[in-house]
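Scroll down for the structure; my scribbles are underneath it.
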Amino acid sequence: KPAGLWMPYWMAFTPSGKFGLHELPYWPSGYREGAEHLGKPVSHGCVRLGIGPAEFLYNWADIGTPVVIY
């Protein structure tokens, strides 16, 4: 649970596991960040995905699938 948040469908893309792809996170208070945060630099290096697409990608990608971020 990096950063103290629950990040559904977490998939690390660095060997350290510090950064990854995940669905919009939940804060400990239960607040869930909304879609207005997608595509904006609000994280510390992760790639946030919307509700639905994150689950699809999680179920589709095998461990070791290359990730290229521009």
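Quick note: residue numbers are just sequence positions, from 1.
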- [ ] Following the transitive rule for hydrophobic clusters with a side-chain heavy-atom cut-off under 4.5 Å over Ile, Leu, Val, Met, Phe, Trp and Tyr, establish whether Met7 and Phe19 coincide in one cluster.
- [x] no
Open item on the list: Side chains of Phe13 and Val47, heavy atoms from C-beta outward: is any pair under 4.5 Å?
Closed with: yes
- [ ] Report yes or no: does Arg32 contribute a side-chain atom to a donor-acceptor pair with the main-chain N or O of Pro25 at less than 3.5 Å?
- [x] no
Task: Beyond-backbone contact of Tyr26 with Pro8, side-chain heavy atoms, under 4.5 angstrom - done: yes
Open item on the list: Within the structure provided, determine whether Glu23 and Leu49 are in side-chain contact (heavy-atom separation under 4.5 Å).
Closed with: no
Task: Pro28 to Gly4 - nearest heavy-atom pair and separation - done: CG-O, 3.4 Å
Open item on the list: Can you tell me how far apart CZ (Phe56) and OH (Tyr9) are? Round to the nearest 0.5 Å.
Closed with: 13.0 Å
TODO: Quick one: pull up OG1 in Thr65 and CH2 in Trp60 and give me the separation to the nearest 0.5 Å.
DONE: 5.5 Å
- [ ] Answer yes or no: is there a side-chain heavy-atom contact under 4.5 Å between His22 and Cys46?
- [x] yes
Open item on the list: Do Leu38 and Val42 sit in one hydrophobic cluster, given that two such residues count as connected whenever their side-chain heavy atoms are within less than 4.5 Å of each other, even indirectly?
Closed with: no
Open item on the list: Using every non-hydrogen atom in the two residues, find where Gly34 and Tyr31 come nearest and quote the distance to one decimal.
Closed with: N-OH, 4.4 Å
Open item on the list: Hydrophobic clustering (ILVMFWY, side-chain heavy atoms < 4.5 Å, transitive) - are Leu24 and Leu5 grouped together?
Closed with: no
